[in-house]
Amino acid sequence: MKLTAGQTLTEKIIAAHIAFGNPATGSEIGLRVDQTITQDALGMMAYLAFESMGQSRIQTELAVSYLDHNMLYADHRNPDDHAYLQSVAQKYGVCLSRAGNGICHSLHLARFAKPGKILVGTDSHTPSAGAAGMLGIGAGGIETAAVMAGEPLALNMPRVVRVLLRGGLDPGVNAKDAALWLVGKLTVKGGSGAVLEYAGEGLAGLSVPQRMTLANMGAETGATSSIFPSDLRTRQYLAAQGREGDYVPLQAGAGASYAQTIECDLSELEPMVALPHQPDQVVPVSQAGRVYVDQVFLGSCTNSSFSDLMRAAKILEGRNISPQVSLIVSPGTRQNFRLLLKSGAIDIFLQAGARILECGCGPCVGIGQAVKSGGVSLRTSNRNFKGRCGTPDSQVYLVSPETAAASAVLGWLAAAPELGDVSGLDSIAEPEAYGAEDSMILFPPAEGSAIQPVYGPNIKPVPLGRPLPEVLPIKVVKKVGDNISTDEIAPSAPEFVASRSNIPQVSKSAFCRSDPDFWKRAEACGSSVIVAGENYGQGSSREHAALMPMYLGVRAVIAKDFARIHRTNLINCGLLPLIFEDPLDYHRLSENDELELPEVEAGLRAGRLKVRNLTTGAELWVGLSNSPRETGILRAGGLLRYIQERNNICREGTNNEIKRKEEKA
Ligand code: MIC
Ligand code: SF4
């Protein structure tokens, strides 16, 4: 790639991939995408949608489907989904990482990420690939399907925020502490519309897996992506993965200008903790007070690198965990698991009293290992939304592996130095060779047209949204506050995640943690709207948080503002993401109010709509800030219909195979 002076690294990569639009901050651009990733929990919708887009083969350079979330085979549903994913991967030219190989982001960084390329993934932590200088962007499944079918990825040109690192981490302080510090500073919406681009002399001391911890948690600020320069550390890492040939040096041009600079002196950081129930509730561990702990989880795509788990093992060596604590260890990848076995770390975990899980997401997303009622869990993962771990009244704290290990021994939240000398941790580094092998990746045959996708009985077609009428009557079915996460809208407990390929079924779980009757009320309304505060739809990219309400008759959400991925998911499902022009109007809408949008087409063209409150007689205005492309998608009733209409695909053709099978049965 040409190194252009004056451009940020983000701008350079975007300029090299522009498909349409002018890359001026805030305007809509289309990007040519090099690689895609899907994971099982959201990949199902992606491939079901892809099948109805009329392409016989994936159009990107590389597409990888990871089986890592739905690992609990409690009945036929997850194994059926996995069988389907394997069959469509073979048919359409997708590499498939088999269950047990590890977590998508950790594996993708290790095996496929390439500096300077663009990656789109059905997972909000796709920016993790930024650790190797790749621009990773999270998206919904239908959108990722469109990208696999050759559509450019549309998004608003992000502003570029420089994160300037100085100094180096003290022993006992982890890149996680820097990530928590940053999320605390920016808050869960401070990165919205931005790419966090790392720079500064502090970079030299950070390995690629440490950089991944930071890139991974950029998602918790709402950032579009996070990216690191590709430098000697990147080269070392790629060489250790047997992929030195993928290395290209990349950095921002001299004199590049940034929308904002955040400075972080790594040597001043101390162990940090995010308190329940938001990842930005960050304080130093030393100020968190005495917190007794029931469970400690070491793992997830944020913190299960080789050196993360080696450092935790070093702290646990020769010690036993507190009898009050259950310690759970899940190495993120099979590659790391094998290295940890060889190095003796797994033995140390076992001797200390840990429970070892397979390589996958597991407890991070609430699939197994819930904590007891009212229990306290310390986790090295990235999200602590209320109830995400599976226990509604639990308290989840986010910490580094060092803090997790020390706390497991002591029985209370404690930084590693509280347990003893930590200077020895400094000597732990990433291996010079990972012994990489891809025996758990199934590469597709060159031609797959004869392969039949395997549809289990729980797999249903992706429901289509409805085109917008000229006058839209909508009843307020629910009113919520600020920072509602997609975890709250579409909970990820195992019983629900296993049903995600069956929208009629899983829709009944919408908002079920806080409002179990929501689905009945929504169905009874027929046509409804949700009213929300700021940052509605933060967190996971799961488009079920849009598909499920859509299926239940929700036509719009009126909020103070939206998280980026969720706003796009709403549009792609044909729902209007409307923003109060006057935020005080939030107080003028109540549950059960009957509303009407009187002139929808004119509103779509003007980018603002009038809302009549038929119950109170009030009138208010809401904005849409829609691009012409988004207008077309909304008019059509969602992205799938839009693509089908444009490509002249008969709507009835959607997932024909499933329909035929159902008819026969
Ligand atoms: C998460 O970390 O919340 C998940 C589970 O990986 C999600 C995807 C999902 O909902 O399946 C994400 O980050 O997008
Ligand atoms: Fe899996 Fe957790 Fe990472 Fe999401 S954040 S991909 S659930 S490990």
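Note that the structure is predicted; figures quoted are calculated from it, not measured. Just follow the structure's listing: the first ligand is 1, and inside any ligand the first atom is 1.
Using a 4.0 Å cut-off between heavy atoms, Thr302 makes no contact with ligand 2 at all. Proximity of Met44 to ligand 1, defined as any heavy-atom pair under 4.0 Å, is not found for any part of the residue. Contacts with ligand 1 closer than 4.0 Å are made by side-chain heavy atoms of Arg500 only, the backbone lying farther away. Here Asp123 has heavy atoms under 4.0 Å from ligand 1 in both its backbone and its side chain.
Looking at Leu413 and Leu378, their side chains come closer than 4.5 Å, going by heavy atoms from C-beta outward. Using a 4.5 Å cut-off on side-chain heavy atoms (C-beta onward), Leu309 and Asn336 make no contact. Between Tyr66 and His108 there is a side-chain heavy-atom pair separated by less than 4.5 Å. Considering only heavy atoms from C-beta on, Arg243 comes within 4.5 Å of Arg111 through its side chain. Under the 4.5 Å side-chain criterion, counting only non-hydrogen atoms from C-beta, Asp561 is in contact with Lys189.
When the heavy atoms of Ile367, Val365, Ile103, Asn382 are ranked by distance to atom 7 (S) of ligand 2, first place goes to Val365. Of the candidates His105, Arg388, Gln39, His125, it is His105 that places a heavy atom closest to atom 6 (S) of ligand 2.
Using a cut-off of 4.0 Å between Lys/Arg side-chain N and Asp/Glu carboxylate O, Glu543 and Arg500 are scored as not salt-bridged.
Remark: minimum distance from atom 8 (C) of ligand 1 to any protein heavy atom is reached at Gln39 NE2, 3.1 Å. Among all protein heavy atoms, the one lying closest to atom 13 (O) of ligand 1 is Ser124 OG, 2.6 Å. Atom 2 (Fe) of ligand 2 has its closest protein heavy atom at Cys364 SG, 2.3 Å. Ranking protein heavy atoms by distance to atom 7 (C) of ligand 1, first place goes to Ser540 OG, 3.1 Å. Looking at atom 4 (Fe) of ligand 2, its nearest protein heavy atom turns out to be His69 NE2, 3.9 Å. Of the protein's heavy atoms, Cys301 SG, 2.3 Å lies nearest to atom 3 (Fe) of ligand 2. The nearest protein atom to atom 1 (C) of ligand 1, hydrogens excluded, is given as Arg383 NH1, 3.2 Å; this is a heavy-atom distance.
Between the side chains of Asp123 and His105, at least one donor N or O sits under 3.5 Å from an acceptor N or O. Judged purely by distance below 3.5 Å, without hydrogens or angles, the side chains of Ser381 and Arg379 never pair a donor atom with an acceptor atom. Side-chain contact annotation: Gln241 with Gln335, donor-acceptor N/O pair under 3.5 Å present. Under 3.5 Å, the side chains of Ser492 and Arg388 contain no donor-acceptor pair of N or O atoms.
A donor-acceptor pair under 3.5 Å is absent between the side-chain atoms of Thr391 and the main chain of Ser394, judged by distance alone. Ser377 places no side-chain N or O within 3.5 Å of a backbone atom of Val296 that could act as its donor or acceptor partner.
By the 3.5 Å distance cut-off applied to N or O atoms, Thr122 is not counted among the residues near ligand 1. For Asp487, no nitrogen or oxygen atom sits less than 3.5 Å from a nitrogen or oxygen atom of ligand 1, counting backbone and side chain alike.
Atom numbering of ligand 1 starts at 1 in the shown order; those under 4.0 Å from a heavy atom of Arg542 are 3 (O), 5 (C), 9 (C), 10 (O). Listed by number with element, the atoms of ligand 1 under 4.0 Å from a non-hydrogen atom of Ala41 are 11 (O). Interface atoms of ligand 1 facing Arg388, defined by a heavy-atom separation under 4.0 Å, are 1 (C), 2 (O), 3 (O). Close contacts of ligand 1 with Ser541, meaning ligand atoms under 4.0 Å from a residue heavy atom, involve 12 (C), 14 (O). Taking every non-hydrogen atom of Val365 and a distance limit under 4.0 Å, the qualifying atoms of ligand 1 come out as 5 (C).
Sorted by first then second residue, the side chain to side chain donor-acceptor pair (under 3.5 Å) pairs that include residues 209-218, not counting sequence neighbours, are Ser128-Asn216, Ser207-Gln210, Arg211-Asp231, Asn216-Thr302, Asn216-Asn382.
With a cut-off of 2.8 Å, atom 1 (Fe) of ligand 2 has an N, O or S atom of Cys361 in range.
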